[in-house]
Amino acid sequence: MKLSFLTVITRWTAVTAAFCGLFALSAPAARAITCEVTPREIPISISYHGAKLTITGQTDPKDDLILKVSSEPHDTAMKHYGKVGGLVWMKTGGLEFKGVPGVYLVNTTKDLNLILSETERGQYQLGYDAMAKATKIEDDKGQPAERKWFDEFTRFKEKEMIYKIQQGTFTRQHGEKGDTFEIVVNWPYQAPPGIYNVDLLAVNNGKVVDKAATTFEVKRVGIIAALSKMAVDQAALYGIMSVLIALAAGSAVGAIFKKGGGSH
Amino acid sequence: MYMYLPIALTSVNYFLVIGLGLAVGLLSGLFGVGGGFLMTPLLMMVGIPPTIAAATDANQIVAASASGTFAHWRLGNVDVKMGVYLLIGGFLGGAVGVQVIKLLRATGGADFLIKMTYVVMLGLVGSFMFVESIHAMRKKKVASAAPVTQAKVAAPEKKKTGFFASLPLQIYFEKSGVTHSALVPLFLGTFVGVLAAIMGVGGGFLMVPVMVYMLRMPMHVVVGTSLFQILFTCVEVTFLQAYSNRTVDFFLALLLLFGSVFGAQIGTVLGKKLHGDQLKILLAILVLAVTVKIVLELVLQPSLLLAYAGGH
């Protein structure tokens, strides 16, 4: 019996598919990590005082999780204090921190140093030690500055609420939708408008075994957007408006209090 | 309860900011000072970046000083002629001071000069006013204990001799009841303008003692005239800051001025119930308290050893 070429290909494909199916059943379950952020857009309106970001998804329950919310790295110029003449504290020079994110919020299921090896922490820029190693700090003369200034930098940013590393804030469940997680991040109002990256890493045996990423945007809206635009695009008009409204408000209140005459 | 500030890029509790405006406006109406030397550090304490705090403060002082000037104008306490001379000097001095700061920024010595100018000027002005006011109050006590034999009449202006009297362009300032060469307020205005530009403030707390002790103007006219001069200085500063640096936050200014315009009126009314010497001694205590705060900031290690580049 002669088989056509097409028949041979079809049968061969079917056998291969069946073999792969059997292999798939006997292999460990494939990791399928997902990550969704709600809302995808945070509007900065007049009453804005930060927001709550809910990040949900599916993960393998055996894996630990690391969530990093950050902005794109950029160079940040700072001034540093020093003691002058052994008596007074003054700003004595400048420092430039090369390629640091403006916002850096990390949440983990366990202590970051315990669940992830140093090499992996360095590769994924997780933890202040890893960031410090990758960050070049230059003084006014372009010379490398001491590591202690990076620690000061993170202290400064933590006080501004835009740098934070914390653990144990994930809620994990096993339900109809499989193994899911949820974490609510308090988004600080100090974080400027822009697009932010959300990176979710699944970690096992000290290594990153899976990852998912998404983004969200913090955006000025309404009168906040209009005034910001006017201050930049029509600076003269913005200045005149500021003066006139102040003058009008001052004079109006002056007129309201008209009956309070007399003399010292 | 919170308002987002589009230029400062931060959110503030509006009751807190209105309260700050009210408190500083009250001092403005009471003493004739703009309050910049108090408001800017207070705003920085609630999380406003320094450059935006200083520029926006000038904007709110426009409202507070307009309100205060209006109130004092009705009371007949504004010496416009003297105010204009001081203002011309102030503008000239401001331009010179800005250049001095530019030069020092290039050499890296600006911060030290600014802080030291604050300490020296506030310390000198505060101490002098304090001692002088105590002295005047004691004198009054002694005088009031003695029997009154004469009807109280306005003291005639003392005949001036020496260098000031020999200067040209002598002018009688009716409202203040003093005669000076036009060069004197022009020079003093320039001097205060230079210091105000270096220190980044309107200069009211320097102008008031200059008018009281050097121009010998009566205290009630000093307060109104000082506010008149501050009004125009801050109009100029607000516009320039908005135009050149984009550092005026209109919403923050609105919140502050909402408090400060009412505060200024309350301060003016309250001021009527206090004597000139009492006002002077209160201002002296305030100025000395700010001096002590700055000295402590200088000698104690800051909690954070970094600050964003830009601003004082």
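Just so it is clear: chains get the letters A, B, ... in the order the sequence lines come, proteins before strands, and each one is counted from 1.
Contacts of A:T92 with chain B are absent, with no heavy-atom separation under 4.5 Å from either backbone or side chain. Looking at A:E160, only its side chain comes within 4.5 Å of chain B, counting heavy atoms on both sides. In this structure, the portion of B:F251 lying under 4.5 Å from any heavy atom of chain A is its side chain and not its backbone.
To the nearest 0.5 Å, atoms OG1 (B:T10) and NE2 (A:H49) are separated by 8.5 Å. If you take CE on A:M90 and CD on B:E297, they are separated by 10.5 Å, rounding to the nearest 0.5 Å.
Chain B forms the most heavy-atom pairs under 4.5 Å with one residue out of A:I223, A:V243, A:I46, and that residue is A:I46. Chain B forms more heavy-atom pairs under 4.5 Å with one residue of A:A236, A:G50, A:P193, A:A249 than with any other, namely A:A236.
Remark: the backbone N or O of A:A246 is not paired with any side-chain donor or acceptor of B:N59 at under 3.5 angstrom. Listed for the A:R155 side chain is a donor-acceptor partner under 3.5 Å among the backbone atoms of B:S303. Not one N or O on the side chain of A:Y48 forms a donor-acceptor pair closer than 3.5 Å with the backbone of B:L5.
Between B:Q301 and A:W89, the closest side-chain pair of non-hydrogen atoms falls below 4.5 Å.
B:I7 approaches A:S228 most closely through the heavy-atom pair CD1-CA, 4.3 Å. Between B:A242 and A:Y238, the closest heavy-atom pair is CB-CD2, 4.1 Å. Smallest separation of non-hydrogen atoms from A:Y81 and B:L306: CD1-N, 4.2 Å. Nearest approach of A:E152 to B:L305, heavy atoms of both residues: OE1-N, 3.3 Å.
Under the salt bridge (charged side-chain N to carboxylate O under 4.0 Å, His left out) criterion, A:D140 pairs with no residue, sequence neighbours left out.
Counting heavy-atom neighbours within 6.0 Å of B:F258 CZ, excluding the residue itself, gives a total of 12 or less. Heavy-atom contacts from other residues, nucleotides or ligands closer than 6.0 Å to OH of A:Y124 number more than 12.
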